[in-house]
Amino acid sequence: MDSSQTIDTTLLPRHIGIIMDGNGRWAKSHLLERIRGHEKGADVVRDVVTTCRKLGVEALSLFAFSTENWARPKLEVEALMRLLRKYVLDERAEIMDNNIRLVASGQLDKLPDSVRKPLFTLMEDSSKHSGMTLNLCLSYGGRQELTDACRKVAQKVKDGLLQPEEITQQVISQHLYVSDIPPIDLMIRTSGEQRLSGFMLWQNAYAEFMFPKEYWPEFNRDLLFRAIRDFQTRERRFGHISEQLK
Ligand code: FPP
């Protein structure tokens, strides 16, 4: 039986990243409009956030909208923006009552006011929470994040606040969209696709990858537990050899 009972809570991934893929294909396979897949996907988001919080995961990053997704048909983009707004408004109580800190990664200035305003309000109101960080990746691209980080660092060098030789990995980390969450330990992409699509390139450097075949609307807590249990069987060597880890 799949349940959280069999998960070793002393060996949890500190940070889980998820590429929520397959909403459109799920909808198509049920002869539904694509947006129905996104709606069902949003329900799964609620369940996964609650489950991660209960388990004690420190951070959860969800790829909800990429920089490339702006190129989708206008009606789909608008529907996704409406869903994001609805999510932020509807989940306010859940986030506030469960000590969850909401943050967002991406070019947030590109989001419509209808999303940005409630998003920023909830981020501000939940900013002192310490139970779990929920990082919504919106208008997000990993190359863009690194480009934006380089710009910020270059500006500091130009202003004389930093010397080039002082640019370390830690300095780059500090200039990412969200700098105070650990690197991703477990990266899940649903729908069987085995690509990163630019998702958190820096943060995924040593992540363990899982590619469940289910579409995102079919994902559930048992599949999440399965991925975590699989993660717990992996030997993470971080470039060392097995014997050095003993
Ligand atoms: C990828 O599936 C999914 C997206 C581009 C959007 C993800 C959005 C949600 C899960 C719902 C809203 C999010 C939140 C946080 C409430 P796809 O459309 O690319 O699927 P396909 O590859 O099968 O076409």
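In listed order, ligands and their atoms are each counted from 1.
Within a 6.0 Å sphere centred on CZ of Arg151, heavy atoms belonging to other residues, nucleotides or ligands number 12 at most.
Considering Lys86, Arg92, Arg85, Glu91 in turn, Arg85 is the only one that fulfils the side chain to side chain contact (heavy atoms under 4.5 Å, CB included) rule with Leu89.
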Contacts table for ligand 1: protein N or O within a distance under 3.5 Å of ligand N or O, distances only.
unit_1   : atom_1 : unit_2 : atom_2 : d
ligand 1 : 2 (O)  : Gly22  : N      : 3.4
ligand 1 : 2 (O)  : Asn23  : N      : 3.4
ligand 1 : 18 (O) : Arg34  : NH2    : 2.9
ligand 1 : 18 (O) : Arg72  : NH1    : 2.9
ligand 1 : 19 (O) : Arg72  : NH2    : 2.7
ligand 1 : 20 (O) : Gly22  : N      : 3.4
ligand 1 : 20 (O) : Asn23  : N      : 3.2
ligand 1 : 20 (O) : Gly24  : N      : 3.1
ligand 1 : 22 (O) : Asp21  : OD1    : 3.2
ligand 1 : 22 (O) : Arg25  : NE     : 3.4
ligand 1 : 22 (O) : Arg25  : NH2    : 3.1
ligand 1 : 23 (O) : Gly24  : N      : 3.4
ligand 1 : 23 (O) : Arg25  : N      : 2.7
ligand 1 : 23 (O) : Arg25  : NE     : 2.7
ligand 1 : 24 (O) : Arg34  : NH1    : 3.1
ligand 1 : 24 (O) : Arg34  : NH2    : 3.1

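At a cut-off of 3.5 Å, with distance as the only test, no side-chain donor of Thr67 or Gln107 sits close to an acceptor on the other residue. No donor-acceptor contact under 3.5 angstrom links the side chains of His30 and Lys40, judged on distance only. Side chains of Ser173 and Trp202: a donor on one and an acceptor on the other come within 3.5 Å.
With rounding to the nearest 0.5 Å, the separation of CH2 in Trp70 from CG in Leu111 is 5.0 Å.
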